[in-house]
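Following: one structure in structure tokens, then a few remarks.
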Amino acid sequence: MSAPRRIVVGVDGSQDAQLALRWAIDMAGATGGEVVAVHALGLLAHVAGSDLESSQGHLDQIRALFEGDWCAALGASSVTQRCLLVDGNPVTALLGAAAELGADLIVVGSRGTGGFAGLQLGSTSHQLVQHSDRPVVVVPPTGRGPSPGA
Amino acid sequence: MLLLAASPELDRHDAGAGHPERRARLDAALAGIDDAGLRDAVVALEPRRASEDELTRVHPAPYLEALHAFCDAGGGALDPDTVAVAGSWDTALLAAGAALAAVDGLASGRGDVAFVAARPPGHHALSDEPMGFCLLNNVAVAAATLADRGERVLIVDWDVHHGNGTQAIFWDDPRVLYVSTHQWPLYPGTGRIGETGGPGAPGLTVNVPLPPRATGDVLLRAIDDVMAPVVERFAPTWVLVSAGFDAHRADPMAGLELTAGDFADMAARVQRFAPRTGRLALILEGGYDLDALRLSVGASLAAVLGGRFRPEAASGGGPGTEAVDAARLLHVAPPGGAGVR
């Protein structure tokens with residue numbers, strides 16, 4: 001495999017996603033590639049609070065969190081970068097974005113905000129590995145993946 | 001007569017405090033029947049659970065086993081939107097079973113129209129993946145059962161979200177015509193106009209993606225100008241409606257501007273697609289504002305049963321006619337042109 005030039009990474013505010021993002025940044029830094037951070041907008045992104053108010057403000061808040069806190073490490077880096085909000089569940093959003101952008105690699109944490117430990121059902125990383133037609137890197141909770149410099 | 005498949009007293013699916021997909025939705029839908037003055041027309045169907053044989057027409061056994069085990073283990077978050085608890089498996093079986101009871105009740109001549117008020121909803125559920133509040137694809141299980149009996153099934157999906165699961169399940173199946181109006185862009189990100197079916201069923205997936213603030217007149221145009229010619233060509237023997245009511249203007253989940261009057265008009269139009277009385281079932285999908293859900297269910301069912309309940313006037317003047325025209329151009333052969341065949 002040649003050095004990945006475009007890396008799609010799933011970002012959902014979880015600690016595992018932060019590790020995946022840092023790994024993707026390191027890889028892009030080593031290869032001169034681009035990092036595209038993707039966050040999937042689910043159904044619940046469109047309502048705010050227990051009163052179920054429809055809220056553009058809530059969507060704006062998610063966007064601000066995504067582009068700010070969740071992608072802070074990306075913003076602080078010098079790699080070429082983009083942040084994309086995509087409608088859908090995490091698996092379809094990441095697969096779709098990777099296909100549309102011609103990404104060479106998809107990077108995710110081992111477990112995001114969905115899924116249930118010990119069962120494959122609902123695991124974004126497991127489904128990505130099953131369905132992706134391009135390489136997928138699953139960064140373990142220790143943050144140690146294959147060395148970007150290798 | 002209205003065949004009603006609903007067993008809210010057996011519902012043990014709880015997506016958690018503050019989750020919009022909640023049991024109170026069923027109470028609201030059923031209250032709509034009372035508001036519409038239809039209670040005397042109701043024939044209540046006996047609750048039943050879908051069997052494994054019935055479910056495996058749509059969902060592979062390993063998926064069913066994994067979902068069952070997940071619920072038995074106490075459940076949890078399946079994705080950021082979708083939650084299951086210990087009671088979710090049985091409740092999902094009852095929801096799929098309700099859709100089956102509805103079509104079986106109609107097939108045996110017990111009623112004119114059926115309404116399924118069950119949850120969790122189904123149209124986002126893929127054959128092997130839960131998503132978008134959905135665990136089992138209720139309308140797909142009913143449609144697949146009918147198709148296996150030799151029927152030609154039309155599924156009209158007017159939920160504000162695209163029914164990605166139903167589309168995927170019947171993508172390449174020439175026995176089922178899937179037509180959807182939905183807001184776009186919006187979750188789940190599928191339902192583009194160019195998604196028209198697989199090589200085994202070209203043109204048998206019809207998507208009319210509509211912009212935010214689209215109104216009822218635009219939806220009716222989609223039914224009249226796009227769906228009607230395609231449906232006439234397909235000649236369905238059954239009509240199932242993925243009846244979500246979240247395109248209502250009060251619904252918090254999306255941005256279309258429909259009213260209860262619009263849903264009544266849409267239901268009346270779709271009823272004409274059925275070849276005869278007793279071949280139309282409306283199956284609840286979304287709809288998260290309880291008052292809007294109550295009024296819209298009541299108005300829709302009144303419209304197909306000859307009632308007069310119309311608590312809100314139709315809406316009009318919103319955007320989206322260009323999208324309807326584009327879909328018409330693609331799916332309905334214009335003079336000198338070619339639609340999808």
Side-chain angles (χ1 to χ4, degrees), chain A residues 10-14 17 38-59 62 65-66 70 84-100 108 111-128 130-131, chain B residues 15-22 24 62-84 121 124 126 128-135 160-162 164 168 183-191 212 246 249-255 286 288-290:
Chain A
V11 173
D12 64 2
S14 68
V38 173
H39 176 65
L41 281 176
L43 281 168
L44 294 179
H46 296 270
V47 290
S50 58
D51 53 356
L52 302 181
E53 286 291 313
S54 178
S55 175
Q56 181 60 41
H58 189 228
L59 281 174
I62 291 172
L65 264 178
F66 170 53
W70 299 351
L84 290 181
L85 283 173
V86 180
D87 287 305
N89 74 351
V91 175
T92 53
L94 288 167
L95 290 176
E100 283 192 18
V108 290
R111 185 165 172 245
T113 52
F116 187 78
L119 286 174
Q120 293 173 345
L121 198 68
S123 160
T124 297
S125 55
H126 177 76
Q127 291 178 54
L128 281 173
Q130 276 195 319
H131 297 296
Chain B
H19 198 288
E21 204 293 285
R22 57 211 193 275
Y63 170 71
L64 297 172
E65 290 160 10
L67 181 62
H68 191 179
F70 183 82
C71 295
D72 275 357
L78 288 157
D79 70 19
D81 299 313
T82 313
V83 174
H124 294 308
L126 296 157
D128 61 352
E129 183 185 343
M131 63 179 280
F133 309 163
C134 303
L135 304 178
V160 79
H161 304 98
H162 180 243
N164 61 300
Q183 184 178 324
W184 204 91
L186 189 66
Y187 184 94
T190 51
D246 40 10
R249 63 188 176 195
D251 198 280
M253 301 289 284
Y288 305 97
D289 181 275
L290 299 183

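Below, chain A is the first sequence line, B the second, and so on; all start at residue 1.
Listed options Leu186(B), Thr190(B), Val83(B) were ranked by heavy-atom pairs under 4.5 angstrom with chain A; first place goes to Leu186(B). Contact count versus chain B (heavy atoms, under 4.5 Å) is highest, among Leu41(A), Thr92(A), Asn89(A), for Asn89(A).
Leu65(A) is linked by a side-chain contact (heavy atoms from CB on, under 4.5 Å) to Asp69(A), Trp70(A), counting only residues two or more places apart in sequence or in another chain. Checked against side chain to side chain donor-acceptor pair (under 3.5 Å), His124(B) has the following partners two or more places apart in sequence or in another chain: Asn164(B).
Considering only heavy atoms from C-beta on, Met131(B) stays 4.5 Å or farther from Val91(A) through its side chain. Phe133(B) places a side-chain heavy atom less than 4.5 Å from the side chain of Leu44(A).
We find the NE2-NE2 distance between His161(B) and His46(A) to be 6.0 Å, quoted to the nearest 0.5 Å. Atoms CD and CD, on Gln130(A) and Glu129(B) in that order, are 10.0 Å from each other to the nearest 0.5 Å. Within the model, atoms CG of Asp79(B) and CG of Leu43(A) stand 8.5 Å from one another, a figure rounded to the nearest 0.5 Å.
At distances below 3.5 Å, not a single donor-acceptor pair connects side-chain atoms of Asp81(B) with backbone N or O atoms of Gly42(A).
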